[in-house]
Amino acid sequence: MIVTVTVAGVGGTLIALLIGPVFAIGARRSRRDYALLRAQGAPAGTIRTIMLRSSGIVGLAGALAGVLAGIITATIIVISTTMSGSIAFPNLILSWLDVLGIVLGGTIVALLSAWLPARRATRDDPVLALRGEQPESAGSRRARPILVIALLAVSAGAVALALFTEQRIWLVLTGLSGTLGIVLALRPLLPALGHLAGRLPVNARIAVRDATRRADRTAPAVTGVAAAIAFALCVAIVTATQYATASAAWALRAAPGTIMIYDGHYMASTGSENPFATSVQEGDAGGESSVTTAQERQRLQDVIAEFIPGTELVDVRMLTLEGEQFPRILIDPDKTCPAWADETESYNRYTGRPAGTGYPASATSQNCWVDKRLSDANSQSYWTTRDGGNIVVDDGTLVRALGLPGADEAAQALEAGRIVLTRELDLWPDGTAHLGIMEDDHPAMAKWEQLIEDAQGQGVYENPPDPIENATVIADAEVFDWPSAQWQAFVPESLLAEAPLSENAPTIERVGLIATANSLMDVQQLDQLRDRLLLLGVNDITQARGYANDGLATTLTTVTILAGLIAFAATWGTSRLAVADMRPDLRVLSDVGASPRARRRIATALALTIGLLGALAGTLAGLLLGTTAAAAMASNDTIARGAWVLTVPWLPVAIIAILIPTLTAATTWLQQTPRTNGGHIARDSAIVNHNGARRGATSEARR
């Protein structure tokens with residue numbers, strides 16, 4: 001719902017700001033025609049109806065063209081992401097009801113955008129319009145600063161409301177009101193721009209001062225450019241933030257490049273027999289199952305060395321206990337559950353308990369969902385023991401080989417007999433870690449299982465019984481911030497010989513290996529290595545690497561490029577309307593002897609002025625819209641966990657803000673060629689001179 005409201009609000013506002021200037025400039029160019037109709041007695045309603053009907057037709061045609069362009073764009077995104085290996089968009093679905101809604105919405109936005117120009121045209125003084133005069137009323141000049149201040153106050157108030165109510169949807173209002181305020185604030189700044197034009201060359205000075213003098217033409221054009229650029233920047237910021245947030249939730253398990261080998265049939269902890277023992281391709285499948293561990297290890301290392309020379313194999317060993325007992329890292333029960341992990345109120349709703357019961361939960365409560373698997377998006381294969389634990393036994397060798405930040409210090413802590421924890425929550429106030437020797441509460445578990453059975457699949461929300469703590473090992477500990485769900489704690493092997501752990505038959509279970517490497521393999525090489533190792537009985541292999549989602553990256557890149565192209569097309573179109581509206585002035589310059597090159601430079605300077613002003617306003621508005629929209633669309637969970645990362649891609653922002661006005665000016669320069677522009681103006685001037693000559697000759701004959 002929040003995403004829908006955000007997209008509709010931001011998109012609708014920007015579209016209205018983008019379309020409105022088109023109708024405003026169109027109404028200005030037709031101002032004389034409307035004045036003639038008014039002078040001949042046409043009522044205001046007729047003029048308004050003419051404008052609204054034409055805008056409705058334009059809006060309908062534009063909406064249909066937009067639907068077609070959207071389908072083509074979506075098809076390009078689906079094809080490009082599919083080719084990159086992503087399954088984020090498996091197919092393309094668009095219902096006719098959605099198409100109808102989009103077409104109706106586009107038509108309505110066009111009508112709303114044309115309403116203000118139509119209203120202004122009906123109130124225009126026919127005499128002033130026929131003279132070509134359109135002074136801005138004093139009331140309008142006084143009202144605009146008040147309106148700008150009011151919009152900025154609304155923007156600030158929406159921020160305060162979002163903070164007070166903790167409802168970030170109010171930030172959408174912040175972005176929209178702030179954007180409108182920025183756009184409206186441009187017009188009062190135009191006179192100052194005219195004063196600064198004195199230092200410019202003659203042609204540029206003429207263009208800038210004409211832009212400031214014809215504010216009724218310049219302001220709508222700048223608004224359209226600003227809306228187009230704000231749209232592109234908003235899309236870039238939102239998509240970059242989404243990618244950065246996904247990347248922040250991805251936790252490294254080892255230094256990038258490290259090969260992780262997961263337990264297979266030949267490794268003792270599985271207890272499985274060689275599945276290839278009776279295969280006709282036994283030699284290719286890995287040989288007999290009676291090979292020794294040293295032989296097996298050497299064969300693995302030989303294969304890996306073919307792909308990664310100089311690699312070293314290091315065992316991944318985990319702690320387990322014989323019998324029904326199992327080891328677990330315990331949390332101080334006096335610690336409060338982090339707010340983002342506290343599911344107490346959900347539990348209360350499902351079980352019918354009064355709201356607030358048991359809230360806030362203890363960090364040891366089963367309503368406290370602090371399992372690192374819930375916050376780590378790295379969903380590779382997972383090392384674990386037979387009882388589901390992931391407490392590593394290490395003398396520092398594995399920690400150093402993993403190469404995570406602070407690995408050397410962590411290895412030294414293990415060598416000194418201290419436990420290495422990977423999150424602050426597991427550390428007790430006295431600087432120790434508690435390793436519990438646990439056992440399920442069998443009578444209570446039987447009752448809970450009976451409850452599940454009696455529910456007959458209807459859903460049971462009662463928590464299972466807590467395990468029994470038979471004994472606890474307390475040891476000094478150090479914490480290293482390794483958010484990967486794979487690593488909860490590393491205990492020194494010397495701890496196994498100390499009571500009470502030594503009294504509960506601790507054993508070390510080898511669950512896999514890592515192979516050190518300093519560089520990333522490409523996908524084809526990794527697949528080849530995986531195929532070779534699978535034949536030797538390995539269950540799976542992966543290579544540690546940072547977050548990389550080719551499909552998402554391709555999608556974001558494609559969307560940003562398309563947004564930039566749309567912004568350029570809108571900027572060019574709006575600037576072209578402004579330059580076309582300037583054509584009568586260019587004709588006058590031609591009549592007084594201005595060269596075609598000078599007129600070309602003036603038109604280009606006008607397009608550049610509009611583009612730069614629009615880029616300035618659009619950049620400010622885009623940054624505001626992008627940040628507020630990204631914040632409004634973020635989930636509470638990602639923000640509470642600190643995983644949300646507001647990201648402004650400054651390089652694309654700079655490219656869009658600078659390149660689009662520059663390309664628009666360059667396109668205008670190419671369009672206003674001396675031959676074409678001069679030809680049109682010369683032809684228009686010839687008609688004027690010819691008509692003038694005819695009128696002069698007729699007058700002379702009469703005399």
Contact check, side chains of [X] and [Y], non-hydrogen atoms, under 4.5 Å:
X	Y	value
Val238	Tyr243	no
Leu496	Leu319	yes
Leu414	Asp395	no
Arg328	Glu469	no
Val491	Val392	no
Ile391	Leu435	yes
Leu533	Leu300	yes
Asn378	Ser484	no

Step through the shown structure and confirm whether more than 12 heavy atoms of other residues, nucleotides or ligands are within 6.0 Å of [atom1] on [X].
X	atom1	result
Glu415	CD	yes
Gln450	CD	yes
Trp428	CH2	yes
Tyr350	OH	no
Trp644	CH2	yes

Pair Met438-Leu330, side-chain contact (heavy atoms from CB on, under 4.5 Å): steps then yes or no: CA-CA 10 Å; Met438 317 298 292; Leu330 304 180; 4.0 Å; yes
Shortest non-hydrogen separation from [X] to [Y] and the atoms involved:
X	Y	result
Thr258	Ala401	OG1-O, 4.5 Å
Asp315	Arg510	OD1-CD, 3.2 Å
Ala632	Val172	CB-CG2, 3.8 Å
Ile514	Leu402	CD1-CD2, 3.9 Å
Ala341	Val370	CB-CG1, 3.7 Å
Ala485	Asp376	N-OD2, 2.9 Å

About how many Å separate [atom2] of [Y] and [atom1] of [X], when rounded to the nearest 0.5 Å?
X	Y	atom1	atom2	value
Phe480	Leu404	CZ	CG	11.0 Å
Trp487	Asp394	CH2	CG	9.0 Å
Glu343	Trp340	CD	CH2	10.0 Å
Arg532	Phe307	CZ	CZ	5.5 Å
Leu313	Thr516	CG	OG1	8.0 Å
His434	Ile329	NE2	CD1	10.0 Å

Hey, is the main chain of [Y] close enough, under 3.5 Å, to the side chain of [X] for a donor-acceptor pair?
X	Y	result
Ser362	Pro333	yes
Thr647	Val645	yes
Trp383	Ile261	yes
Arg168	Ala634	yes
Trp482	Ala254	no
Trp250	Arg545	yes
Glu478	Leu421	no
Thr384	Gly389	yes
Asp540	Tyr262	no
Thr241	Ile237	yes

Among Asn470, Thr320, Asp387, Asp440, side-chain hydrogen bond (donor to acceptor under 3.5 Å, both in side chains) partner for Gln325: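 That would be Asn470; it is the only one of Asn470, Thr320, Asp387, Asp440 passing the side-chain hydrogen bond (donor to acceptor under 3.5 Å, both in side chains) with Gln325.
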Salt bridge (charged side-chain N to carboxylate O under 4.0 Å, His left out) between Asp426 and Arg423, intermediate numbers included: CA-CA 6 Å; Asp426 295 324; Arg423 61 180 182 182; 2.9 Å; yes
Verify the distance criterion only: is there a donor paired with an acceptor across the side chains of [X] and [Y] at less than 3.5 Å?
X	Y	answer
Asn367	Asn463	yes
Asn390	Tyr382	yes
Lys372	Thr422	yes

Working for side-chain hydrogen bond (donor to acceptor under 3.5 Å, both in side chains), residues Gln242 and Thr239: CA-CA 5 Å; Gln242 289 177 337; Thr239 51; over 6 Å; no
N/O donor to acceptor pairs below 3.5 angstrom from side-chain atoms of residues 520-529, sequence neighbours left out:
| unit_1 | atom_1 | unit_2 | atom_2 | d |
| --- | --- | --- | --- | --- |
| Asp522 | OD1 | Gln524 | N | 3.2 |
| Asp522 | OD1 | Gln525 | N | 2.7 |
| Asp527 | OD1 | Arg530 | NH1 | 2.9 |

SB check Asp408 Arg400 (cutoff 4.0 Å):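 Looking at Asp408 and Arg400, the cut-off is met.
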Step-by-step salt bridge (charged side-chain N to carboxylate O under 4.0 Å, His left out) determination, Asp476 to Arg418: CA-CA 5 Å; Asp476 291 337; Arg418 295 190 292 272; over 6 Å; no
Stepwise side-chain contact (heavy atoms from CB on, under 4.5 Å) test for Thr311 and Ile259: CA-CA 9 Å; Thr311 187; Ile259 300 293; over 6 Å; no
Verdict with reasoning, Leu513 to Met260, per side-chain contact (heavy atoms from CB on, under 4.5 Å): CA-CA 6 Å; Leu513 307 98; Met260 293 171 286; over 6 Å; no
